Amino acid sequence: MTEPIKKNNYKATLNLPRTAFSMKADLVNREPAFLKRWDEIDLYGKIREARKGAKTFLLHDGPPYASGDIHIGTGLNKVLKDIVVRYKNMCGCDSPYVPGWDCHGLPIEHRVMAELGDKARSMDTMEIRCRCRNYALKFVERHKKQFRGLGGLGAWDQPYLTINPQYEAGVIEVFADLVGKGYVYKSLKPIHWCMQCRTALAEAELEYGDHESPSVFVKFPMAEDVHDLFPKIGDERVSVLIWTTTPWTLPANLAVAVHPHFDYAAVRYHDPNTDADETVILAAELAESVMKDAGVEGFEVLGTRKGNEIEGKRYHHCLFDKVCPIVTAEYVAMSDTGCVHTAPGHGDEDYRTGIKYDLAIFSPVDDEGRFTGQAGDLEGLQVFEANPVVIEKLRGKGLLLTSAAYVHSYPHCWRCKNPLIYKAVSSWFVSVTKFRDRMVELNEQINWVPDNVKDGQFG
């Protein structure tokens with residue numbers, strides 16, 4: 001006989017399964033009991049023993065930095081890996097999981113240096129390294145406890161750490177092999193650099209914010225006659241005109257880049273700053289807008305030539321007693337003046353142009369962003385402090401057409417939030433081109449899924 005339905009007792013009308021499970025999850029008390037039991041019976045060890053000799057499925061652990069407590073990113077990473085490893089073990093595979101930690105690098109060093117503050121300046125390198133090591137090991141242990149608290153199974157007592165002598169020895173052996181095969185070389189290359197943290201930053205570490213820079217139109221006087229290109233030019237001074245928002249990089253100028261297929265004009269005008277007739281070379285299409293920005297009332301176009309026709313002509317540096325070439329580059333845009341101030345030590349495209357034309361990778365700036373003795377009387381000045389000094393030097397030489405404040409999006413350091421600079425530093429490189437033949441050979445031995453991606457086809 002069914003139980004009579006009491007007034008307002010709708011539960012009895014539902015066809016619900018009967019279970020002994022408690023309605024209360026009580027995870028705060030139950031989860032620690034699960035984890036304790038798994039440790040007591042060595043569940044991970046039992047799984048390894050049961051799967052011994054089975055087909056291996058190895059999931060490599062990309063190690064997190066040991067530089068702080070776990071967060072949603074590191075937690076999700078470990079949970080997803082635990083799901084994959086458990087699934088493969090349940091499918092009959094021998095799928096071990098060895099957790100690891102990256103115990104080197106800037107995140108750890110930055111945390112330690114921030115804790116030390118000014119005290120770090122009086123400490124020697126080995127003492128700071130010991131601090132970094134102890135800091136990393138402290139968070140390895142905290143991570144272990146936190147990750148195990150998420151229920152993950154693995155060889156927690158036998159992790160791999162990048163500071164283990166065996167790991168470091170393996171890195172050295174691989175590096176030595178690459179050096180022996182001629183794959184490794186050292187060179188200067190410009191990168192984003194934080195003057196406050198005194199460290200390099202990767203593209204993914206950049207933050208962008210508004211920054212006010214001085215924009216300047218600068219004349220580089222020609223070092224040789226250009227009447228063969230522009231016969232109408234008279235006896236006035238002839239210069240190639242550039243625009244930049246980083247006057248502090250002008251000491252490192254080694255070339256001016258023009259587009260090989262743009263039309264470039266020789267434009268005669270009366271310069272209000274020098275009170276003399278002058279001629280500047282710039283992209284013909286931009287002549288009117290540039291003269292308007294400079295406050296010039298009238299000007300005369302004396303002729304045009306393609307960029308590749310003025311390639312190789314030389315000009316005088318605007319600050320130093322040296323002569324530099326006009327070069328061509330496809331990345332030059334029809335903006336500003338169409339003539340790009342090129343400093344191979346302070347820009348990525350500039351660097352590539354420097355390699356192409358065998359220019360020096362010149363960067364007279366130290367790690368604190370101060371000019372070295374190679375910058376002449378600018379030595380000791382911080383680069384942003386040097387901007388007004390450089391501008392006044394240009395004005396005094398009659399080489400400044402005009403200047404103005406310019407607000408633009410600019411890269412900042414994610415750590416200290418200060419603006420960055422681009423400067424060349426000495427770095428080690430591995431020549432990928434030397435791996436090309438070997439990579440193509442190995443590509444044939446890989447089982448690609450789906451198979452059409454082997455040849456770079458997707459979809």
Side-chain angles (χ1 to χ4, degrees), residues 210-223 226-227 229-230 232-251 253 255-259 262-305 307 310 313 315-320 324 326 332-343 378 383-410:
D210 287 344
H211 179 70
E212 184 177 291
S213 301
S215 75
V216 291
F217 286 91
V218 181
K219 295 175 285 186
F220 288 102
M222 296 304 296
V226 290
H227 281 87
L229 298 178
F230 305 102
K232 293 184 180 180
I233 289 177
D235 296 330
E236 71 271 19
R237 181 167 68 179
V238 182
S239 306
V240 59
L241 185 68
I242 65 96
W243 177 84
T244 183
T245 58
T246 54
W248 66 267
T249 63
L250 288 171
N253 173 272
V256 168
V258 297
H259 195 287
F262 288 173
D263 288 321
Y264 286 85
V267 177
R268 178 186 288 151
Y269 71 103
H270 187 79
D271 193 318
N273 300 308
T274 60
D275 193 27
D277 286 342
E278 296 202 28
T279 292
V280 290
I281 298 172
L282 73 162
E285 188 176 317
L286 302 170
E288 185 173 352
S289 62
V290 169
M291 291 300 149
K292 182 178 178 180
D293 289 343
V296 175
E297 294 295 334
F299 62 92
E300 178 185 4
V301 176
L302 304 179
T304 62
R305 289 285 186 170
I310 61 176
K313 293 293 185 181
Y315 63 88
H316 290 291
H317 194 280
C318 61
L319 296 175
F320 303 133
C324 305
I326 294 177
V332 174
M334 187 57 76
S335 61
D336 310 320
T337 69
C339 303
V340 178
H341 146 57
T342 300
L378 296 173
V383 291
F384 294 145
E385 296 173 349
N387 275 332
V389 178
V390 171
I391 292 172
E392 284 307 308
K393 284 178 173 289
L394 296 172
R395 182 175 285 112
K397 291 172 172 282
L399 300 180
L400 182 70
L401 178 59
T402 186
S403 65
Y406 183 77
V407 178
H408 56 146
S409 180
Y410 193 87

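Note that the numbering runs from 1 along the sequence shown for the chain. No hydrogens, no waters, no symmetry mates; every other heavy atom, side chains included, goes into these values. All figures in this text were calculated on a predicted structure; none of them were measured in a lab.
- For the pair N387 (side chain) and W248 (backbone), a donor-acceptor distance under 3.5 Å is present.
- Looking at H341 and T249, their side chains come closer than 4.5 Å, going by heavy atoms from C-beta outward.
- Between the side chain of S215 and the backbone N or O of S213, no donor-acceptor pair lies under 3.5 Å.
- Judged purely by atom type and a 3.5 angstrom limit, K219 uses its side chain to pair as donor or acceptor with the backbone of G398.
- Judged by distance alone, with hydrogens and angles left aside, the side-chain atoms of Y269 form no donor-acceptor pair with the main-chain N or O of E297 at under 3.5 Å.
- Between the CG atom in N253 and the OG1 atom in T342 there is a gap of 7.0 Å [rounded to 0.5 Å].
- Here the shortest heavy-atom pairing between L378 and K393 reads CD2-CE, 4.0 Å.
- Under a 3.5 Å cut-off, the side chain of R237 and the backbone N or O of A276 do not form any donor-acceptor pair.
- Within the 3.5 Å criterion, the main-chain N or O of T244 finds no donor-acceptor partner in the side chain of Y406.
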- Message: Is there a side-chain hydrogen bond (donor to acceptor under 3.5 Å, both in side chains) between H408 and T245? Walk through the geometry before answering.
- Response: CA-CA 10 Å; H408 56 146; T245 58; 4.5 Å; no

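- Of the possible donor and acceptor atoms, none in the side chain of D293 sits under 3.5 Å from a partner among the backbone N and O of G295.
- Between the E285 side chain and the A283 main chain, no donor and acceptor come within less than 3.5 Å of each other.
- How far CD1 of I310 is from CZ of R305: 10.5 Å, rounded to the nearest 0.5 Å.
- The distance from the OH atom of Y264 to the OG1 atom of T337 is 7.5 Å, given to the nearest 0.5 Å.
- Checking side-chain atoms of H317 against main-chain N and O of L250 turns up a donor-acceptor pair under 3.5 Å.
- Of the possible donor and acceptor atoms, one in the side chain of N273 sits under 3.5 Å from a partner among the backbone N and O of L400.
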